[in-house]
Amino acid sequence: MAEAVRTVVVRSVPLPRRAFKVFVELEGMYRNMVEQLVLHAVNNGITKFTRLRAERYREVRSLYPQLPSHYIYTACQDAAERAHSFLKLKRMGRARKPYPEVRNVSIWLDDHLWRAEGLTSISIATHRGRVRVSVELNRHFLRYVNRGWRLASEAKVKLDRRNRRLVFYLTFKKEVSEYRPKAYITVDVNENAEAVLVDSVVYLLETDLSRITLGYYYRKKRVQERYDRVYGPGSRPERKIFKSLRGNERALKREIRQKLAALIVREAARRQAAIVLERLGREPANHMIERIKDPQLRHRIFQAAFKGVQRAIEEKAREYGVPVIYVDPRNTSRVCPIHGAEIVYGRNRHGVCSRGGETWHRDAVACYNLLLRALGGDGGHAPSRVRALVAVDGGPVPLGPTAAHEPAPIARGAWARWRSLGATSDHNDDGERLGTNGRPWRSTW
Ligand SMILES: [Zn+2]
């Protein structure tokens, strides 16, 4: 059984001043608690909620006797998580400050602190007793309610001061059992594209994720230079522009990742196939982004292009019960999947097999080798039994020496509109998929 988890945002109606003030006070106390707890946790290297609670509960409780006691529990959880991620950053040398700043606060709630009363109101325990607020229903929320998702007991609430609303982050969960895979879909994640092998066709779906990261990086740099000159470093207008750029960048990347994940997972579910991914390391040591010297920028590209895409696929796969398999990614593009011999690469990600002399595209090689590894092939130089069984390129006979294993790149604007990889309108009369050049998809194979 796998558990799928989703967060859904629900807003309250605008609250009267007096009611809203209660939440402003609550947030203030909660923030103070989290600040103190984080300080203690970081000083003592605590990352476990249970230990933090054991060490600090009594004292914090005596400072806020008017608060429902469960706020101290949730503040401990919140603080432990902040301390955990801060200490991790510090270990990796990426923490910029000696202590984590508690800037954005959302109040963590557990089952004692909130409950849904029907679909349209939520009651919250506060230092002034229970307060009930009406919420605005939205389509997103109803969709989860209607599709058999279960509302979890943990929730978060944030204050929207400008509109005097509460913003709830509710968690929905669903248990899904994974099926036994009948086939495999392999995904080779790259900086700017994903190569996907489905039914012996390699699709190269362009994502431009690292180009987007770099583009925003340079835009921010230009803004910084200009504003630093006029207003001095860290000015308000500069921060405002940064914030909006960051928001745009994040939203765009998220949309790309989610669409991509949905497309791949739907294909897998339809075929009852497992998805095969590379096992990525913790650190952005990927050879493709080593050329980027700035460690922060490298980290961001890794997160967006590699980790982020994988995480989106994993998340979507859990929802559909699609099994995900991880294989060792080492040298996946070095060895010919047919002959097991080394491929000699030239320019443009193209290479020639040193034994068969056939041409390969690097991403097609990686996809087939991931498939071989998933099937139990060692991916080494010895011809494996599995290798003979896999119909590379749709047929059991290796290709002639001049054929190119060529995935045609598909631009983001095109695949983002697709509902599936096989059944779209851009097919010719023979039902063949058309490449970006308008020729049948497999004409170059
Ligand atoms: Zn070969």
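The shown structure was predicted, so the numbers you read here are calculated from the model rather than taken from an experiment. Read the numbers this way: they start at 1 and go in the same order the structure lists the ligands and their atoms.
A salt bridge does not link K156 with D78: none of the charged nitrogens is closer than 4.0 Å to a carboxylate oxygen.
Not counting sequence neighbours, the partners of A195 by the side chain to side chain contact (heavy atoms under 4.5 Å, CB included) test are D188, V202, L204, D363, C367.
Of the listed residues (I185, V324, V309), just one forms a side-chain contact (heavy atoms from CB on, under 4.5 Å) with L277, and that residue is V324.
Relative ring orientation between Y227 and Y231 is described as parallel, the plane-to-plane angle staying below 30° on a 0-90° scale split at 30° and 60°. Between H70 and H112, the two ring planes are parallel [angle under 30°; tilted spans 30° to 60°].
Note that R6 lies outside the cation-pi zone of Y144, set by a 6.0 Å cut-off to the ring centre and a 45° limit from the axis.
Protein N/O/S atoms closer than 2.8 Å to the Zn ion (ligand 1): C336 SG, H339 ND1, C353 SG, E358 OE2.
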